[in-house]
Every structure is written in structure tokens, then in C-alpha cells.
Amino acid sequence: HADLQHQVQDLLDARVAKHQADWGTVVIEDVATGHILVIADSNSKEPDNANPQKVHAVQDTFEPGSVGKLITIGAALNQGTITPTSVFQVPYSLNLPDAGGPITDFHEHDGEALTATGVLAESSNTGTVLIGQTMTDDQRYSMMRAFGFGQETGIELPGESAGLLRSSDDWQGRDRYVTMFGQAYAITAVQEASALATIANGGVRISPHIVKSWTNTDGTVEVPQGTQPVQVLEATTASQLLTMMESVVEDDLGTAAASKVPGYRVGVKTGT
């Protein structure tokens, strides 16, 4: 793990420098166990008990942006309101009565017929709204909570943020639409990694942790008691969603062509 942490740290620092970012973080989680293999924070220094360092991955929040589309599409698959091949007529711009202005896609385009998989692959905001409108706000909010948003993960690090997620009763006007594609709420990098791991783990969320076990002075080994795993998505839903995430990499118009790894099937969701 130390080697992996070191390698990732070097790559992260180089990327943060290249983009002149304020900070960056990388979290790698074992999807089957919830064990965190890497938490790399940019500009980390040698550990010093006299000067504790901030851990961006658990203390800082951000809007997940398009990564949040996974939650909307996962919820719709789970509710049975769509299938991966459901077709939507997707415009460049949607004018919704209470949205306080148009909701548009990142790139201008003519109206197009896209499957739900195509909406995810091309990361269409308007297409995601059409999918989100097949459910109630409460159904979507319940899924966001089930994925662990708006609550601490319980990871064994100080100062963890629960993130920012208002209940669906408090969403106003534009909120109900932009929450469908990852805006108007905020999560930590560890929460985001946990959500992706949940999809990859057959829809079962396991609380992320960094401590595998400890040895007492008498030589006995103790394993921490994690929270009970939660079945967030049905196994078939999680499998469908994971396959759809491969289209983000493989589709000609997918947003993550750069993520291809020769010899591996890769499932991705890009976010801004």
C-alpha cells in the first residue's frame, strides 16, 4: 500500500501543478471490502504530530457535477421507470416553468434520440432531467441518502464533513432539476469513491475504512466492527449501470475515451 500511495501521490502532485489547481485528491477503495487503499492529497508533507495536516478527501466538499447523473439513472433503473435502452428525445435546451431559466447541455446540438445509456455516455444534462422526471423528488433524495450523501461515512480520520444535502422538501425551483446532474449539493471525495464502489459491489454499500485490524498488548488481534452493509441498488440494477458506465469509455461520443486501458473493461463517469 505504501508503494501505491507514493506512486499516486507523485502523479497527483504533477497533475495539480499542470492545471494550477488549488488542491487535488485521489481515493482508491477496494470495492469488495470498503478498505481504502490510497488517500492522496496534493501538497502533503511528512507526518508531524505537532502540525496535523488537513485531509482534503474527508474535510472538503464539492459539487459532484455529472458524476451525480449515476445516482439519478441508478434510481430510475431501480424503480423500473427506465431500462438501459429506453429512448428519449433529447433537446439541447429545456425550458421548464419553475427552473428560473433554461437548462442546457455542455455542447450545442440538434435534438437527438438517445437511449438512457447514450444519455450517460454523452453526459447529457437535458437527457438526465428527462430521466429524473420519471420519478418523484423524494425517490431521488432517498437514493442520494442511501448512497451515503449528507452523512459522515465514519472513516477513521478527524474532521470528516457530512457534506451538504438539503431534503427534497427544501428544494426550490431550479434545485429539483440541477440535483439530477450533481449540482445544489456537495459531497467529499471519500463519499464519491464510496458511491462508485457501491455500484461496482453489486449495489451493496460498505462503509469505507482505513484500519483493517489492530494488535493489543496481549497479542490478540481485533478487527473493527463496521456498520452493516446496505443494499442500495438491486444487484441486476448495479450490473446494468456498470455496463452503461463502460459506454462512457467505449462509445464514439463518450466523454471518457482517455480512460481506456488496453486489456481491461473500464467503467467511468466523468464530472465537472
Side-chain angles (χ1 to χ4, degrees), residues 4 7-8 11-12 15 18-19 24 26-32 37-38 63-92 104-132 134 143 147 180-183 189 192-205 232-272:
L4 187 60
Q7 278 186 305
V8 172
L11 291 165
L12 172 64
R15 186 54 60 100
K18 177 183 176 181
H19 292 293
V26 173
V27 179
I28 302 178
E29 179 176 337
D30 181 338
V31 300
L37 306 177
V38 169
E63 289 183 313
S66 292
V67 176
K69 292 170 184 171
L70 290 170
I71 312 302
T72 302
I73 291 172
L77 290 167
N78 219 51
Q79 291 286 341
T81 62
I82 65 164
T83 71
T85 54
S86 296
V87 177
F88 293 86
Q89 297 300 322
V90 180
Y92 161 65
T104 61
D105 274 342
F106 185 62
H107 296 292
E108 205 163 327
H109 61 83
D110 294 331
E112 53 186 344
L114 289 177
T115 61
T117 303
V119 167
L120 187 69
E122 296 184 25
S123 202
S124 166
N125 293 339
T126 54
T128 304
V129 168
L130 297 178
I131 291 170
T134 66
M143 185 59 78
F147 266 102
M180 296 175 184
F181 49 87
Q183 295 176 10
E192 186 170 76
S194 177
L196 273 287
T198 298
I199 296 166
N201 189 42
V204 177
R205 180 163 68 89
V232 174
L233 297 173
E234 292 173 16
T236 49
T237 302
S239 176
Q240 286 177 330
L241 189 53
L242 204 51
T243 303
M244 292 168 76
M245 288 166 67
E246 290 184 52
S247 296
V248 181
V249 180
E250 295 298 334
D251 190 286
D252 287 343
L253 294 173
T255 55
S259 299
K260 282 182 182 165
V261 181
Y264 288 85
R265 292 170 63 190
V266 181
V268 167
K269 183 66 202 84
T270 51
T272 42

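Along the sequence shown, residues carry numbers from 1.
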Visitor: Roughly how far apart are T126 OG1 and M180 CE, rounded to 0.5 Å?
Guide: 12.0 Å
Visitor: Do I82 and I73 touch side chain to side chain, with heavy atoms closer than 4.5 Å?
Guide: yes
Visitor: Please find the pair of heavy atoms, one from S247 and one from A121, that lie closest to each other, and give the distance.
Guide: O-CB, 3.7 Å
Visitor: Please identify which of these residues, V248, L120, V268, T272, meets the side chain to side chain contact (heavy atoms under 4.5 Å, CB included) condition with T255.
Guide: V248
Visitor: State, to 0.1 Å, how close A189 and V27 come at their nearest heavy-atom pair, and which atoms those are.
Guide: CB-CG2, 4.0 Å
Visitor: From T198 OG1 over to F147 CZ, what is the distance, rounded to the nearest 0.5 angstrom?
Guide: 6.0 Å
Visitor: Could you state the interatomic distance from NZ (K269) to CE (M245), rounded to the nearest 0.5 Å?
Guide: 9.0 Å
Visitor: Can you tell me how far apart CE (M143) and CD (Q79) are? Round to the nearest 0.5 Å.
Guide: 6.5 Å
Visitor: For a side chain to side chain contact (heavy atoms under 4.5 Å, CB included) with V249, tell me which candidate from V266, T270, V261 qualifies.
Guide: V266
Visitor: So how far is it from S86 OG to L114 CG, rounded to the nearest 0.5 Å?
Guide: 12.5 Å
Visitor: Just wondering, do E192 and L196 contact through their side chains at under 4.5 Å, heavy atoms?
Guide: yes
Visitor: Verify, without hydrogens or angle tests, whether N125 (side chain) and T104 (backbone) share a donor-acceptor contact under 3.5 angstrom.
Guide: yes
Visitor: L233 pairs by side chain to side chain contact (heavy atoms under 4.5 Å, CB included) with which of I71, N201, N78, V204?
Guide: N78
Visitor: After noting the C-alpha distance and the side-chain angles of K69 and S124, does the key distance pass the side-chain hydrogen bond (donor to acceptor under 3.5 Å, both in side chains) rule?
Guide: CA-CA 9 Å; K69 292 170 184 171; S124 166; over 6 Å; no
Visitor: Just wondering, do H109 and E122 contact through their side chains at under 4.5 Å, heavy atoms?
Guide: no
Visitor: Quick one: closest heavy-atom pair of G203 and A238, and the distance?
Guide: N-CB, 3.4 Å
Visitor: With rounding to the nearest 0.5 angstrom, report the OG1 to CG distance, T72 to L77.
Guide: 11.0 Å
Visitor: Which pair of heavy atoms, one from A113 and one from V87, lies closest together, and at what distance?
Guide: CB-CG1, 4.1 Å
Visitor: To check you understand the geometry: which heavy-atom pair defines the closest contact between P84 and M244, and what is its length?
Guide: CB-SD, 3.9 Å
Visitor: Would a 4.5 Å heavy-atom cut-off, applied to side chains only, mark D105 and Y92 as touching?
Guide: yes
Visitor: Pair L130, Q89 - check side-chain contact (heavy atoms from CB on, under 4.5 Å), show working.
Guide: CA-CA 9 Å; L130 297 178; Q89 297 300 322; 5.8 Å; no
